[in-house]
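Here is the naming used below: chain letters follow the sequence lines, and residue numbers restart at 1 for every chain.
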There are 4 protein chains.
Amino acid sequence: MSGASSQPPRPRSGNRRDEAARLAVLHAADDLLAEHGFSALTIEAIARRAGVAKQTIYRWWPSKVEILLDTLIEDSRKRLPVPADNPTADSIRGYVHDFARFLGDDPAGKVLLALIAQAQHDPGTAESFHQRYLAPRRDQERDMLAHGAEDGQISPRLDPDATIDALLGPIVYRALTGSSVPGSLVDTLVDDLLRPRPN
Amino acid sequence: MSGASSQPPRPRSGNRRDEAARLAVLHAADDLLAEHGFSALTIEAIARRAGVAKQTIYRWWPSKVEILLDTLIEDSRKRLPVPADNPTADSIRGYVHDFARFLGDDPAGKVLLALIAQAQHDPGTAESFHQRYLAPRRDQERDMLAHGAEDGQISPRLDPDATIDALLGPIVYRALTGSSVPGSLVDTLVDDLLRPRPN
Amino acid sequence: MSGASSQPPRPRSGNRRDEAARLAVLHAADDLLAEHGFSALTIEAIARRAGVAKQTIYRWWPSKVEILLDTLIEDSRKRLPVPADNPTADSIRGYVHDFARFLGDDPAGKVLLALIAQAQHDPGTAESFHQRYLAPRRDQERDMLAHGAEDGQISPRLDPDATIDALLGPIVYRALTGSSVPGSLVDTLVDDLLRPRPN
Amino acid sequence: MSGASSQPPRPRSGNRRDEAARLAVLHAADDLLAEHGFSALTIEAIARRAGVAKQTIYRWWPSKVEILLDTLIEDSRKRLPVPADNPTADSIRGYVHDFARFLGDDPAGKVLLALIAQAQHDPGTAESFHQRYLAPRRDQERDMLAHGAEDGQISPRLDPDATIDALLGPIVYRALTGSSVPGSLVDTLVDDLLRPRPN
DNA sequence: AGCTAATCGAGACGGTACGTCGCGTCTTACG
DNA sequence: CGTAAGACGCGACGTACCGTCTCGATTAGCT
């Protein structure tokens, strides 16, 4: 009688939030951005493509920016993790290379660029984008640098935030202006900024 | 003096383009962007504030982006000139500092950020922005570096475009993410990138 | 026995139809109509005010019109009975006066007007309204006239349905157009229609 | 001369109100009401069927009720004129017959019923309906009775408003409840109300 | 000196998307 | 079972701007 012990895996729906609808919205938003650009990313278009009612979107997301943030956070976690355990000089250098690849080649990179852009147009977006994406990531990146420095793997010449901005800024700027990022540029940046001046 | 006695208030244009209307549109666009942000920058709002008919805007500008580009090009020419004649190490360093100030403090800096952003959302904007603003400026900046290197004022470690992106990228990225740019960061970037490795 | 002791506030229904919920719905509908008009009489508002789930309403009533019909039928039975036993000329005249008062002053009169109105907009309402309210009442009114005529109390000059429509029509029309119904009008109508032409 | 000289028939549009759009909206509203009833009479449906933008409707009419009022006023003027010049007993009787026919057979009669109904649901409609339709018509009907009485054509037994309500009320009530109005009923009402009691 | 052509303010027009409300159906968990 | 709760697909609401258009007025420059 106590029967089916702890959590029988219910294919639920109805009273609770519909997980299928949630995923359909996230994928529809991603796809629309990739296929037709940000200007085609309207709530109505997302609802249409996801086969979902507009109200279902508004019930769970205050704006299309939050939808994109949801996908970006998830994709970044999976495909652009920040080296955390005993980062080596190589793994840190690898992270910057991965960042360049993420921005340039991964569809999720386009989401990141779109959010950076939209943050310029709308203060609400800026706020959300910082709190939910930039700040947590920056914390991880700072940790990475701090641990790397503790272990003697790197010796940054600037304070942590300046170091990260100096490393990633050029990559982001190139992506924003439609240019590619050659590996040599990344290597030079890493060499310059993470090693002390030899003299 | 002979003329305008009978009709007191409005000297209507006539056959030629009305310069007053042109300026009113540019200023209205600038002001709206500064006061209420890009989302309030609609053609209807510009027309309303400029006291101009919508058609007058559409006759002379294909989109609001071109209006902003007009103001940005003019303002950049005046307030952020690229050192051209015999640039010294100091004048080049000064230009990077000026660039940071322009982005951070000058209202026209907000226009530049808005255009970078809009270029992510709309390919037409990207195209126009490159051809009318980024490319010409980049040409001047390349010249500046080339002349500086010829004269022995600087010795860039990277190719010209990479050098400029590495210098300006962090500044732009900080502006895009709402941070300030300390002078020390600029100095470090300039020192690193425009001087050869000592060893 | 397990008794209603442990749970203080809500004695949930259980297996049979919850009479308290039924009454709550009827009163909520009545109140909303009286307080905010027909346009505020939505199923969601009724459920909200009655503290009842929407599904509970849909389970027992096919539409909000049927809710109103339930209240109207009950209220009419109580507060506007048709004289049935040996109607006299006076009791018939009194009924017409009562009808005018019901439409003009009783909250239930507003329900009747709302249903007459809604019947114009929706054939389903018209059908229900006729079968459940108008036809049964008309039968009683016809009986009233027939018995009155048999007893020599009245001598209608028109056939029964025409008589009733000629008596009540002006009253309803005045109510629909927001006018009051003076007693003298009722008296004249009764005098004209229920007595034979003297000549 | 009188001919088509003065006003060359311009098929205009543009800056001024588009007469074709106005008529398309009125006809679309009429048709939708006749074909699918009031519940199908949404602004979106009218716009769709008229081939007109929603905003064009909202620009000129505050609500769908005003659209119906426009059509009703026009149709009533054309097809149910109130006898004005030297009304005779016969022309007055004819008017009441025409009124019954209008309500029963003319599509515009359905518009009138729909507006009477909607006025019960919405105070704004009631207000508009009175000021724009009922009151002006009532004025004309009062004039008709007054002139008829002056000329000795009729001798109403009730005050003018009561007379009109007593005449038209039963007709309206029958129409509202889906019944037909036999000519004999009209004749009896007219005879009763417009001639003095013989005794 | 009159005619032509272009500009300008004004604003109507057909559209698309906005964010909200209520509909009627549904599923769950509780009693 | 009936119930409270509430998510869901749907469709209309009334508003804001879009980009196009047509008006009537104004004013140069060319016959």
Side-chain angles (χ1 to χ4, degrees), chain A residues 10-18 20-22 39-45 47-48 50-60 62-64, chain B residues 7 10-18 20-21 41-48 50-60 62-64, chain C residues 2 4 7 10-18 20-21 39-45 47 50-60 62-64, chain D residues 10-18 20-22 39-45 47-48 50-60 62-64:
Chain A
R10 308 289 180 67
R12 63 189 56 197
S13 134
N15 196 13
R16 295 261 178 279
R17 176 167 188 180
D18 185 340
R22 189 187 132 258
S39 63
L41 195 73
T42 67
I43 298 283
E44 304 226 319
R48 217 149 34 217
V52 141
K54 256 199 306 181
Q55 189 56 49
T56 297
I57 298 182
Y58 284 111
R59 201 185 336 268
W60 299 108
S63 75
K64 63 188 172 191
Chain B
Q7 302 299 344
R10 283 81 185 271
R12 275 300 171 77
S13 69
N15 199 358
R16 293 253 177 282
R17 177 166 187 180
D18 185 341
L41 195 72
T42 67
I43 297 282
E44 305 225 321
I46 297 172
R48 223 176 297 137
V52 140
K54 266 201 299 179
Q55 189 54 45
T56 299
I57 298 181
Y58 283 110
R59 197 179 347 260
W60 301 107
S63 75
K64 65 188 172 192
Chain C
S2 52
Q7 303 300 343
R10 282 82 183 273
R12 275 299 172 77
S13 68
N15 199 346
R16 294 253 177 282
R17 176 168 186 180
D18 185 341
S39 62
L41 194 72
T42 68
I43 296 283
E44 306 226 320
V52 140
K54 266 200 301 179
Q55 189 54 43
T56 301
I57 298 181
Y58 283 111
R59 203 190 327 275
W60 300 107
S63 75
K64 65 187 172 190
Chain D
R10 305 289 181 66
R12 63 184 57 194
S13 134
N15 196 13
R16 296 262 177 278
R17 178 169 188 178
D18 185 340
R22 190 187 131 257
S39 63
L41 194 72
T42 66
I43 297 282
E44 303 226 320
R48 219 153 29 219
V52 141
K54 255 199 305 182
Q55 189 55 48
T56 297
I57 298 182
Y58 284 111
R59 196 177 350 257
W60 300 108
S63 74
K64 64 188 173 190

Residues which pass side chain to side chain contact (heavy atoms under 4.5 Å, CB included) with B/A50, listed by chain and number, not counting sequence neighbours: B/A24, B/V25, B/A28, B/V52
Enter the distance from C/R16:CZ to C/D18:CG here, rounded to the nearest 0.5 Å. 13.0 Å
Is the shortest side-chain N/O distance from D/T56 to OP1 or OP2 of E/dA12 below 4.0 Å? no
In whole angstroms, the gap separating P of E/dA12 from CZ of D/R17 amounts to 10 Å
Taking only the side-chain heavy atoms of A/A53 (C-beta and beyond), determine which of F/dG9, F/dT3, F/dA7 contains the nearest atom. F/dG9
Are the side chains of D/W60 and D/R22 in touch, meaning some heavy atoms are under 4.5 Å apart? no
Say you draw a straight line from CD1 of C/I57 to NZ of C/K64; how long is it, rounded to the nearest 0.5 Å? 11.5 Å
Integer-rounded Å distance: E/dT27 P and A/D18 CG: 12 Å
Looking at D/E44, D/R59, D/R48, which one forms a side-chain contact (heavy atoms from CB on, under 4.5 Å) with D/K54? D/E44
Using heavy-atom distances to pick each residue's nearest nucleotide on DNA chain F, tell me which of A/R59 and C/V52 is more 5'. C/V52
Using every non-hydrogen atom in the two residues, find where B/A47 and B/A53 come nearest and quote the distance to one decimal. CB-C, 4.3 Å
When every nucleotide of nucleotides 14-19 of chain F is labelled 5' to 3' by its protein contacts under 4.0 Å (heavy atoms), B for base, S for sugar-phosphate only, - for none, what sequence of letters results? BBBSBB
Whole angstrom value for the distance that separates C1' of E/dG11 from CD1 of B/I57: 14 Å
Should B/W60 be listed as having a side-chain N or O under 4.0 Å from OP1 or OP2 of E/dC8? yes
